[in-house]
Undergrad: 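First the structure, then my questions, so here it is.
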Amino acid sequence: MTTTPSTTTTTSHLSGAAAASGSAARDERRMLLCGVLVGLTYLIGVVFTFVFFATSHPAIDATPVEAAVGFRDAGTMVAVGTFLMMLPLPFALLFLGGLDAILRRVGDGPLIPAAMSAGVLSFLIPAIGALVSAVTPAIGAADTSAAAGAVVKALDGVMPLSVALSGFPRAVLLIAVAVLLARAGLAGRVLRISGYVIAWLGILGTATFIVQAFFPLASLSALLFVAWMTSLAVALRRNSGRTS
């Protein structure tokens, strides 16, 4: 009497796993590959950001007028940087679609939709922050007064706050996915532990709203999160034979 439900459950999971074959399996592998593209495009954006801060970004302690003039003259750099911030977003959405398919095939429960929603927000919140900050050159071009410069400096500060805020959904995604993949036997010990560590770094980084000195933790968490996602994509593609 107690053996029958267990056998039925196992058979159900196996039949669900077998459903990913043919074109669906190929789509899934392509979508997992997008996780690698997230890492590549994000790395390009990080390199460009370093170049921008080294060459064109107004000094952090610049006066409002200096900030307005600086962003006015750096309009092209801001536009390119904003585009590069958006570039990983479509690849992230495709990767999350492939990840969702795998998680639903090997398990079920409320953690899956929570993880997917958190994943979308993890990339969407910084993207919105970049869009808001992208208006600074237009304001500087229209007005270089101290008042306009103060607005420019305030809007420039939206981007780091959005990176810090995204630490909450990042933590939800990392912990939920690590738990789900561990239950399915699809995540190694290193991937799980690193996911938990990056999640806690992101949570600590949200303290940037109170103390700006915590922003390096938020930035480090965001960078490690993308590296973790890329590693997960590679691992899942290698283990695609186990899940299909």
Undergrad: Over all heavy atoms of both residues, which pair between Met159 and Ala130 is shortest? Give the atoms and the distance, please.
TA: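 Taking Met159 first and Ala130 second, the nearest heavy atoms are SD-N, 3.4 Å.
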
Undergrad: Side chain to side chain donor-acceptor pair (under 3.5 Å) with Ser117: which residues, sequence neighbours excluded?
TA: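 Testing Ser117 for side chain to side chain donor-acceptor pair (under 3.5 Å), a comparison that skips the adjacent residues, returns none.
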
Undergrad: Answer yes or no: is there a donor N or O on one side and an acceptor on the other, between the side chain of Lys153 and the main chain of Ala148, under 3.5 Å?
TA: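 Between the backbone of Ala148 and the side chain of Lys153 there is no qualifying donor-acceptor contact (under 3.5 Å).
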
Undergrad: For the pair Ser221 (side chain) and Leu217 (backbone), establish whether a donor and an acceptor sit closer than 3.5 Å, ignoring hydrogens and angles.
TA: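 Here the side-chain-to-backbone pair does not exist.
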
Undergrad: How would you list, by chain and number, every residue that makes a side-chain contact (heavy atoms from CB on, under 4.5 Å) with Ile125, sequence neighbours excluded?
TA: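 Ile125: side-chain contact (heavy atoms from CB on, under 4.5 Å) contacts with Leu121, Ser162, Leu165, Ser166, Pro169.
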
Undergrad: Assigning hydrophobic clusters by single linkage (Ile, Leu, Val, Met, Phe, Trp, Tyr; side-chain heavy-atom cutoff under 4.5 Å), is Val172 placed with Tyr196?
TA: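 Val172 and Tyr196: separate clusters.
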
Undergrad: My understanding is that only residues two or more places apart in sequence, or in another chain, count here; which of them pass side chain to side chain donor-acceptor pair (under 3.5 Å) with Ser56?
TA: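 If we apply the side chain to side chain donor-acceptor pair (under 3.5 Å) test to Ser56, skipping adjacent residues, there are no hits.
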
Undergrad: At what distance, to the nearest 0.5 angstrom, does OG of Ser145 lie from CD1 of Ile139?
TA: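 Answer for the OG-CD1 pair, Ser145 versus Ile139, is 10.5 Å.
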
Undergrad: Using side-chain heavy atoms (C-beta onward) and a distance below 4.5 Å, is Arg189 in contact with Ile193?
TA: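 Yes; the side chains approach each other to less than 4.5 Å.
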
Undergrad: Do you know which two heavy atoms are closest between Ala213 and Pro216, and how far apart they sit?
TA: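 Closest heavy-atom pair between Ala213 and Pro216: O-CD, 3.1 Å.
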
Undergrad: Check the pair Ile203, Arg170 against side-chain contact (heavy atoms from CB on, under 4.5 Å), reporting the backbone distance first and the verdict last.
TA: CA-CA 9 Å; Ile203 292 174; Arg170 278 200 307 271; over 6 Å; no

Undergrad: Under a 4.5 Å side-chain heavy-atom rule over Ile, Leu, Val, Met, Phe, Trp and Tyr, are Val120 and Ile198 clustered together?
TA: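 In one cluster: yes.
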
Undergrad: State which residues pass side-chain contact (heavy atoms from CB on, under 4.5 Å) with Leu180; sequence neighbours excluded, sorted by chain then number.
TA: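 By the side-chain contact (heavy atoms from CB on, under 4.5 Å) rule, Leu180 matches Leu103, Leu111, Ile112, Arg183.
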
Undergrad: Could you check Arg105 against Glu28 for salt bridge (charged side-chain N to carboxylate O under 4.0 Å, His left out), going step by step and ending with a plain yes or no?
TA: CA-CA 12 Å; Arg105 195 164 63 251; Glu28 190 176 280; 2.8 Å; yes

Undergrad: Excluding sequence neighbours, so at least two apart, what forms ring-ring contact (aromatic ring centres under 6.0 Å, His included) with Phe53?
TA: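 Phe53 satisfies ring-ring contact (aromatic ring centres under 6.0 Å, His included) with His57 only.
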
Undergrad: How would you list, by chain and number, every residue that makes a side-chain contact (heavy atoms from CB on, under 4.5 Å) with Ser231, sequence neighbours excluded?
TA: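 Ser231 satisfies side-chain contact (heavy atoms from CB on, under 4.5 Å) with Leu191 once adjacent residues are dropped.
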
Undergrad: Among the clusters formed by ILVMFWY side chains lying less than 4.5 Å apart, do Leu201 and Phe214 turn up in the same one?
TA: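 They do share one cluster, since a chain of ILVMFWY contacts under 4.5 Å joins Leu201 to Phe214.
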
Undergrad: Looking at CG of Leu173 and CZ of Phe168, how far apart are the two atoms once the value is rounded to the nearest 0.5 Å?
TA: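 Result: 15.5 Å between the selected atoms.
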
Undergrad: So do the side chains of Phe215 and Leu161 get within less than 4.5 Å of each other, counting heavy atoms only?
TA: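 Not touching, per the 4.5 Å side-chain cut-off.
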
Undergrad: If we only count heavy atoms from C-beta on, is the Arg237 to Leu33 side-chain gap below 4.5 Å?
TA: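 They are in contact (side-chain heavy atoms under 4.5 Å apart), so the answer is yes.
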
Undergrad: State the CE-SG distance between Met229 and Cys34, to the nearest 0.5 angstrom.
TA: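 If I round to the nearest 0.5 Å, the distance is 11.0 Å.
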
Undergrad: List the atom of Ala146, the atom of Pro64, and the distance in Å for their closest heavy-atom pair.
TA: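 Heavy atoms of Ala146 and Pro64 come nearest at O-CB, 3.3 Å.
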
Undergrad: Applying a strict under-4.5 Å side-chain criterion to I, L, V, M, F, W and Y, I'd like to know whether Val226 and Phe48 cluster together.
TA: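 No, it is not one cluster - the side chains of Val226 and Phe48 are not joined through contacts under 4.5 Å.
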
Undergrad: Any heavy-atom pair between the side chains of Leu96 and Met31 that's under 4.5 Å?
TA: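 They are not in side-chain contact.
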
Undergrad: Distance-only criterion, 3.5 Å: show the donor-acceptor pairs between side-chain atoms of residues 68-88 and protein atoms not counting sequence neighbours.
TA:
{"unit_1": "Thr82", "atom_1": "OG1", "unit_2": "Val78", "atom_2": "O", "d": "2.8"}

Undergrad: Roughly how far, to the nearest 0.5 Å, is the CG atom of Leu32 from the CZ atom of Arg238?
TA: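 These two atoms lie 13.0 Å from each other.
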
Undergrad: When hydrophobic residues are tied together by side-chain contacts of less than 4.5 Å, even through go-betweens, does Phe123 share a cluster with Leu223?
TA: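 Both belong to a single hydrophobic cluster.
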
Undergrad: State, with a plain yes or no, whether a side-chain heavy atom of Val152 is found less than 4.5 Å away from one of Val135.
TA: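 No, side chains not in contact.
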
Undergrad: Provide the closest heavy-atom pair for Gly205 versus Ala164 in the form atom of the first, atom of the second, distance.
TA: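 Scanning both residues, the minimum pair turns out to be O-CB, 3.5 Å.
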
Undergrad: For residues 38-46, run the donor-acceptor check on the side chains, cut-off 3.5 Å, and write out each pair with its distance to 0.1 Å, sequence neighbours left out.
TA:
{"unit_1": "Thr41", "atom_1": "OG1", "unit_2": "Leu37", "atom_2": "O", "d": "2.8"}
{"unit_1": "Thr41", "atom_1": "OG1", "unit_2": "Val38", "atom_2": "O", "d": "3.1"}

Undergrad: Would you compute the distance between atom CG of Leu232 and atom CZ of Arg192 and round it to the nearest 0.5 angstrom?
TA: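 Output value for this atom pair is 12.5 Å.
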
Undergrad: If we only count heavy atoms from C-beta on, is the Val177 to Trp228 side-chain gap below 4.5 Å?
TA: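 The answer is yes, as the side chains (C-beta and beyond) meet within the 4.5 Å cut-off.
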
Undergrad: With sequence neighbours left out, what residues match Arg30 under salt bridge (charged side-chain N to carboxylate O under 4.0 Å, His left out)?
TA: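 Arg30 satisfies salt bridge (charged side-chain N to carboxylate O under 4.0 Å, His left out) with Asp27 once adjacent residues are dropped.
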
Undergrad: When you compare the side chain of Trp200 with that of Leu174, does any pair of heavy atoms fall below 4.5 Å?
TA: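 Heavy-atom side-chain distance check fails, nothing below 4.5 Å.
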
Undergrad: Taking only residues two or more places apart in sequence or in another chain, which ones pass side-chain contact (heavy atoms from CB on, under 4.5 Å) with Gln212?
TA: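 Checked Gln212 against side-chain contact (heavy atoms from CB on, under 4.5 Å); zero matches.
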
Undergrad: If the condition is ring-ring contact (aromatic ring centres under 6.0 Å, His included), which residues does Phe95 pass it with, not counting sequence neighbours?
TA: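 Phe95 satisfies ring-ring contact (aromatic ring centres under 6.0 Å, His included) with no other residue.
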
Undergrad: List in chain and number order the residues that pass side chain to side chain donor-acceptor pair (under 3.5 Å) with Thr136, two or more places apart in sequence or in another chain; answer none if no residue qualifies.
TA: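 Side chain to side chain donor-acceptor pair (under 3.5 Å) check on Thr136 returns nothing, list empty.
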
Undergrad: For residues Ala218 and Thr208, report the shortest heavy-atom separation together with the two atoms involved.
TA: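 Between these two residues, the closest heavy atoms are CB-OG1, 4.2 Å.
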
